[in-house]
Number of protein chains: 2
Amino acid sequence: MMADIGAHGGGRRVKNGHETLAASPGTTLAESLRQKLEEAIAAGHLEPGSRLDEQEIAQRFGVSRTPVREAFRLMAANNLVELRGRQGATVRSIKAQALIEMFQVMAELEGLCARLAARRVSQAWGAEIGKIHQRLVAAGETGDIDVFYDINQEFHEAIYEASRNTFLADQTRKLRNQVAAYRRRVTRMPNRIADTVREHEAIMQAILAHDPERAHSTMRDHVNLLGDNLLDFLAAFE
Amino acid sequence: MMADIGAHGGGRRVKNGHETLAASPGTTLAESLRQKLEEAIAAGHLEPGSRLDEQEIAQRFGVSRTPVREAFRLMAANNLVELRGRQGATVRSIKAQALIEMFQVMAELEGLCARLAARRVSQAWGAEIGKIHQRLVAAGETGDIDVFYDINQEFHEAIYEASRNTFLADQTRKLRNQVAAYRRRVTRMPNRIADTVREHEAIMQAILAHDPERAHSTMRDHVNLLGDNLLDFLAAFE
DNA sequence: ATGCCAATATAGGTATACATATCGACCCTC
DNA sequence: GAGGGTCGATATGTATACCTATATTGGCAT
């Protein structure tokens with residue numbers, strides 16, 4: 001079922017109770033749609049495997065089919081939807097095997113981020129990541145899963161940036177985005193929060209100690225563990 | 001300038017001396033266009049930075065603007081063209097800094113391919129890669145640069161496959177494709193052919209010896225060296 | 001002469017109309 | 001009664017017409 005994707009955001013409101021869509025000049029409808037839909041997928045409002053009906057979405061946002069189609073093409077290239085010619089678009093459903101493969105790559109890329117970060121970080125960055133980590137710990141104690149998830153994301157994002165390799169950061173972000181729909185579920189697993197905090201500490205120490213190899217391996221292990229947890233989680237369902 | 005992109009390929013020929021376009025059923029015009037254009041870019045027929053005019057291309061292939069636009073969107077997501085809203089599409093021009101970053105990632109990904117390959121390859125694969133390598137050596141001696149380039153590609157492709165991680169293989173292929181337009185030029189550099197042969201031998205030995213770490217490092221070095229050469233080459237021009 | 005503003009042209013963005021392939025339902029046959 | 005084939009509905013793929021934003025060029029003012 002398609003929940004109320006994009007119910008916030010303040011653009012023009014179109015006539016018949018349609019969803020709103022940012023209409024900032026310089027931006028295009030297709031791009032706005034892509035953002036909205038990707039958010040909806042990442043947030044789990046659009047189930048993997050569910051069909052994306054061009055007309056329905058066009059009506060929902062009060063636009064024609066053309067920008068909707070273009071948004072689909074954009075997302076297809078991000079591996080977020082599958083386009084099977086003449087058979088419509090579906091939210092990409094990732095099989096366990098594919099997830100294993102993706103985590104293997106992601107572990108390597110995030111590991112590279114950490115390695116580069118270890119070589120390049122400044123003192124100021126150390127203070128910043130420290131603050132993020134403190135907030136993560138706090139959220140862990142509160143038990144607010146959604147907040148924890150977001151701060152966790154911030155932590156990794158900070159390391160992407162610290163790698164000072166924008167291409168690498170982009171690639172890693174994209175990949176992270178692809179598995180986001182699945183990843184979110186894992187946060188709710190028994191020891192995941194405590195483990196995450198501990199693993200983040202190890203990563204942080206390695207980076208701040210300017211130890212590239214240790215930064216690499218701790219980060220890689222962290223991502224792989226998450227992947228393992230995710231697979232356990234999926235296995236429990238099917 | 002736009003050379004004779006897609007002058008070969010045997011689909012229906014459209015009325016007014018247009019380019020041909022494969023019309024295999026089950027495939028879409030947008031997809032066919034994407035392939036043609038990506039080939040043209042990789043082959044260097046479309047210079048980085050050159051403008052892609054929707055109407056011109058539509059006319060050239062005898063289709064409407066719609067599939068052309070969709071092909072652009074598809075390619076944009078592959079990072080092969082840049083779409084600046086309302087300002088048309090251009091073949092992506094990669095700056096030296098970006099190339100450095102991309103090679104850093106590519107080295108890691110190809111390294112991972114090699115590492116996995118070392119763990120997984122069979123005896124049969126060893127024979128096959130050996131044959132490819134022999135052909136590479138032969139082409140090197142002949143001095144046929146284009147053939148050498150293609151066989152070189154085959155060698156790497158064989159390792160992608162051997163990693164048995166289709167996602168990784170896809171990612172690596174895509175990345176390779178993105179720098180293809182630049183990469184081709186490097187093959188013509190003084191010692192590149194001899195170096196390539198030597199480096200490939202080291203990689204091959206490591207993989208066949210089932211030594212993951214050595215496979216990783218030799219491959220990583222190989223890619224990094226190529227990147228360095230490419231940067232030298234570019235530096236000589238600007 | 002140079003710089004800024006405005007008007008116009010061009011081309012990308014969007015909407016809609018049309019063609020065609022796929023899927024499902026219903027009927028006929030075995 | 002079951003299975004297959006055909007016909008029709010629906011949605012995707014494509015074409016085209018229209019709208020609007022951006023760029024360019026020319027004129028005017030400083």
Side-chain angles (χ1 to χ4, degrees), chain A residues 2 6 11-16 18-37 46 49-77 80-92, chain B residues 2 11-16 18-37 49-77 80-92:
Chain A
M2 191 144 160
R12 67 160 190 254
R13 169 160 285 276
V14 216
K15 38 198 165 182
N16 282 334
H18 294 310
E19 301 288 339
T20 57
L21 210 54
S24 6
T27 205
T28 125
L29 286 179
E31 185 58 21
S32 306
L33 279 169
R34 186 188 62 76
Q35 269 184 258
K36 288 269 184 210
L37 292 172
L46 287 170
S50 65
R51 176 95 178 268
L52 292 174
D53 187 278
E54 288 183 1
Q55 303 198 48
E56 178 190 359
I57 294 180
Q59 282 190 348
R60 179 182 300 272
F61 289 95
V63 300
S64 79
R65 278 176 51 218
T66 309
V68 175
R69 286 174 60 79
E70 299 200 341
F72 284 4
R73 296 305 179 276
L74 256 8
M75 294 196 295
L80 283 168
V81 309
E82 279 179 277
L83 295 173
R84 281 165 307 177
R86 285 281 183 193
Q87 280 168 250
T90 55
V91 178
R92 185 171 181 213
Chain B
M2 191 143 158
R12 65 154 191 258
R13 170 161 284 277
V14 215
K15 39 198 163 181
N16 281 334
H18 292 310
E19 301 287 339
T20 56
L21 209 56
S24 0
T27 204
T28 132
L29 285 180
E31 184 59 20
S32 306
L33 279 169
R34 186 188 62 77
Q35 268 184 256
K36 287 269 185 212
L37 292 172
S50 65
R51 177 95 178 271
L52 291 173
D53 188 278
E54 290 183 358
Q55 303 198 46
E56 179 191 358
I57 294 181
Q59 281 190 349
R60 181 183 298 273
F61 289 96
V63 300
S64 80
R65 278 175 53 218
T66 309
V68 175
R69 287 173 60 79
E70 299 199 341
F72 284 4
R73 297 301 179 280
L74 257 8
M75 293 196 295
L80 283 167
V81 308
E82 278 178 276
L83 296 173
R84 282 165 305 179
R86 288 276 183 195
Q87 280 169 254
T90 56
V91 179
R92 183 168 184 215

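Just so we're clear, the structure is a prediction, and the values are computed from it rather than from any experiment. Chain letters run A, B, ... following the sequence lines, proteins first and then strands; every chain starts at 1.
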K.L.:
Kindly point out which of dT16(D), dT14(C), dT12(D) is positioned nearest to the side chain of Ser64(B)?
P.N.:
dT16(D)

K.L.:
Does some side-chain heavy atom of Gln59(B) sit less than 4.5 Å from a side-chain heavy atom of Gln55(B)?
P.N.:
no

K.L.:
Are the side chains of Thr27(A) and Ser32(A) in touch, meaning some heavy atoms are under 4.5 Å apart?
P.N.:
yes

K.L.:
Just N and O in the side chain of Thr28(A): are any of them under 4.0 Å from OP1 or OP2 of dG12(C)?
P.N.:
no

K.L.:
Does a side-chain N or O of Arg86(B) approach OP1 or OP2 of dA11(C) to a distance below 4.0 Å, or not?
P.N.:
no

K.L.:
Counting C-beta onward and ignoring hydrogens, is there a side-chain heavy-atom pair between Thr90(B) and Arg84(B) closer than 4.5 Å?
P.N.:
yes

K.L.:
Write down the distance between CD (Gln55(A)) and C1' (dG13(D)), rounded to a whole number of angstrom.
P.N.:
13 Å

K.L.:
Rounded to the nearest Å, what distance is computed from the CG atom of residue Leu29(B) to the P atom of nucleotide dT12(D)?
P.N.:
17 Å

K.L.:
Whole angstroms only, please: what is the CD-C1' distance between Glu31(A) and dA21(D)?
P.N.:
17 Å

K.L.:
If each of Thr66(B) and Glu54(B) is mapped to the nucleotide of DNA chain C with the nearest heavy atom, which maps nearer the 5' terminus, i.e. the 5' end?
P.N.:
Glu54(B)

K.L.:
Rounded to whole angstrom units, what separation is found between the CD atom of Glu70(A) and the C1' atom of dA15(C)?
P.N.:
12 Å

K.L.:
Quick one: do Arg34(B) and Glu31(B) make a salt bridge, cutoff under 4.0 Å?
P.N.:
yes

K.L.:
Would you indicate which nucleotide in dG13(D), dA15(C), dA11(D) comes nearest to any side-chain atom of Pro67(A)?
P.N.:
dA15(C)

K.L.:
With the side chain counted from C-beta on, respond yes when Phe72(A) and Ile57(A) share a heavy-atom pair under 4.5 Å apart, and no when they do not.
P.N.:
yes

K.L.:
Would you kindly give the CZ-to-C1' distance between Arg51(A) and dT22(C), to the nearest whole Å?
P.N.:
10 Å

K.L.:
Below 4.0 angstrom from OP1 or OP2 of dG13(D), is there any side-chain N or O of Arg73(A)?
P.N.:
yes

K.L.:
Check if the side chain of Arg65(B) and the base of dT16(D) share a donor-acceptor pair of N or O atoms closer than 3.5 Å.
P.N.:
no

K.L.:
Find the distance Leu74(A):CG to dG13(C):C1' and express it as a whole number of Å.
P.N.:
14 Å

K.L.:
Just how far, in rounded Å, is C1' of dT14(D) from CZ of Arg69(A)?
P.N.:
8 Å

K.L.:
Looking at Arg84(B) and dG12(C), is any side-chain donor or acceptor paired with a base atom of the opposite kind under 3.5 Å?
P.N.:
no

K.L.:
Does Gln87(B) reach a base, just sugar-phosphate, or nothing at all? Heavy atoms under 4.0 Å.
P.N.:
sugar-phosphate

K.L.:
How long is the line joining CZ of Phe72(B) and C1' of dT14(D), in whole Å?
P.N.:
16 Å

